[in-house]
Participant: 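Structure provided below as structure tokens; questions to follow.
No experiment lies behind these values; they were computed from the predicted model shown. Letters A, B, ... are given to chains in the order of the sequence lines, protein chains preceding strands, and every chain is numbered from 1.
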Number of protein chains: 2
Amino acid sequence: MQDILFDFISKYIALTEEEKNAIVSLDIFRSVKKGTTLLKKGQRSKDSYFVLKGCIRTFYLIDGEEKTTAFYTEMDALTPHCVINKAPSEYFISCVEDCILSVSNSDMEAEVNGKFPKFEIMCRKLSEELLAKKQIDFDEFRTSSPEQRYLNLLQNRPDLFQRIPQHQIASYLGIKPQSLSRLRARITNKG
Amino acid sequence: MQDILFDFISKYIALTEEEKNAIVSLDIFRSVKKGTTLLKKGQRSKDSYFVLKGCIRTFYLIDGEEKTTAFYTEMDALTPHCVINKAPSEYFISCVEDCILSVSNSDMEAEVNGKFPKFEIMCRKLSEELLAKKQIDFDEFRTSSPEQRYLNLLQNRPDLFQRIPQHQIASYLGIKPQSLSRLRARITNKG
DNA sequence: ATCACTCGTTCACTTAAGTTAAGAAATGAA
DNA sequence: TTCATTTCTTAACTTAAGTGAACGAGTGAT
């Protein structure tokens, strides 16, 4: 299972056996049940997540309504905003499925970065890459209609439709569940 | 004028006079006329921009229509996606106003980073901070209606309405110019 | 000064999403 | 299994954005 983490890391830096052992000895792997809340609004967490198996999502609670803003699945890394800016979290994080996660604390990361400077390089590369990806995703969202966003999602992340409740996907697309149902019906009647 | 750049840098790292001189000697300051296109779709540029004065925007050309996705004003830094992923640009960059820009090439940056390791730290901090900000902006956009987005923009960047054509702001809000006009009329008739 | 062009607004009409409500299907717990 | 809850769909109606067109105000070029 931890091989997934090492596969991911190998995209950015090469690891020696010694370094791999150092990571394993940190004992960062966690099994988490579906529905578990990993972070609540207002909390000040230092934990970052890497998804080995399963799916977690971030959502806001606005006027009593959940607004899902992201899904993280296998090989996705999530450093909550509150870890970066050291302020209480604006949003929630919870498990959509039973998950196996690698949970790393920012203090631990600082320690590992001290011991193995390679990791600092990885973090820089990773955050640059994530910024570039986030920019493109944002642009795509901004320049698309809900229907186009739905078709894009179907194209780029078809697995989400098999594992995530429709109302959470609707929220992610920026519309209501009823509108998603209707939109789907509209599309099938066209094709 | 270059003091603006040094003020900006001082938020991340402290600079010696020697380092400041090294930057000035790079001769990176450029005056650019309103309407100038800095980057076209399909080009492979290595240039990053820092706005000292004026305003530049990024936009896509989709079905013959300009879709504006960002405005950069004083103290904003823009590293185009094509610089990061070394692929042809998907979008255009042009000047909304006469501008004074600091234009830095990624080769130059590598050189400066080599001479002054401090700069590498600044780049890491900056890209982490930008990622965090981008995430929050995206979440806000995702969870808002066009009307809320308009009100937020009015709150957070009121200057844009004084310096940018309405149809570009409409596009930025994800709607048509006519809808922005109507939306504004609707709001004034309410209040 | 004139002409062409862009820009912003308004209007009438169309299309799609929000809202409210109801019911069927699936899920989970006792 | 049964019962309650959640999830998804459908429908009727409301609201807001898209579309196409027209108009006046401003801008720039000649």
Participant: E65(A) CD to dA17(C) C1': how many Å, rounded?
Facilitator: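 Spelled out: CD on E65(A) to C1' on dA17(C) is 13 Å.
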Participant: Nearest whole angstrom, please: distance from the P of dG18(D) to the CD of E147(B).
Facilitator: 14 Å
Participant: Which atom pairs link the protein and nucleotides 23-30 of chain D when you take only N or O atoms and keep those under 3.5 Å?
Facilitator:
none

Participant: Once you round it to whole Å, what is the distance between P of dA17(C) and CZ of R186(A)?
Facilitator: 4 Å
Participant: Any protein N or O atoms within reach of nucleotides 6-13 of chain C? Criterion: under 3.5 Å, listing atom names and distances.
Facilitator:
from: dG8(C); atom 1: OP1; to: Q166(B); atom 2: N; distance (Å): 2.7
from: dG8(C); atom 1: OP2; to: Q166(B); atom 2: N; distance (Å): 3.3
from: dG8(C); atom 1: OP2; to: H167(B); atom 2: N; distance (Å): 3.2
from: dG8(C); atom 1: OP2; to: H167(B); atom 2: ND1; distance (Å): 3.0
from: dT9(C); atom 1: OP2; to: S181(B); atom 2: OG; distance (Å): 2.7
from: dT9(C); atom 1: O5'; to: S181(B); atom 2: OG; distance (Å): 3.3

Participant: Using a strict threshold of under 4.0 Å (side-chain N to carboxylate O), is an ion pair present between K53(A) and E97(A)?
Facilitator: no
Participant: Below 4.0 angstrom, N of the basic side chain to O of the carboxylate: do E128(B) and R124(B) qualify?
Facilitator: yes
Participant: Picking from I13(B), N113(B), V112(B), what satisfies side chain to side chain contact (heavy atoms under 4.5 Å, CB included) with K118(B)?
Facilitator: I13(B)
Participant: Hey, is CD on E19(A) packed in by over 12 heavy atoms from elsewhere, all under 6.0 Å?
Facilitator: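 Yes, enclosed.
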Participant: Does K33(B) pair with D98(B) as a salt bridge, N-O distance under 4.0 Å?
Facilitator: yes
Participant: Give the rounded distance in Å between these two atoms: CD of Q148(B) and P of dG18(C).
Facilitator: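 Rounded to whole Å, this separation is 12 Å.
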Participant: Taking any heavy-atom pair under 4.0 Å as a contact, classify G174(B): base, sugar-phosphate, or nothing.
Facilitator: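 Touches sugar-phosphate only.
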Participant: Without decimals, in angstroms, what is the distance between D63(A) CG and dT19(C) P?
Facilitator: 10 Å
Participant: Just how far, in rounded Å, is P of dA16(C) from NZ of K176(B)?
Facilitator: 14 Å
Participant: Between E147(A) and R186(A) (salt bridge meaning N to carboxylate O under 4.0 Å), is one present in this structure?
Facilitator: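 Yes.
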Participant: So is K134(A) actually on top of F138(B)'s ring, under 6.0 Å and inside 45° of the axis?
Facilitator: no
Participant: Provide, to the nearest angstrom, the distance between the OH atom belonging to Y150(B) and the P atom belonging to dA16(D).
Facilitator: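 One finds 16 Å between P of dA16(D) and OH of Y150(B), rounded.
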Participant: Tell me whether K176(B) is salt-bridged to E65(B), with the criterion being a basic N under 4.0 Å from an acidic carboxylate O.
Facilitator: yes
Participant: Taking all non-hydrogen atoms of both residues into account, name the closest pair between F161(B) and Q166(B) and its distance.
Facilitator: O-NE2, 4.4 Å
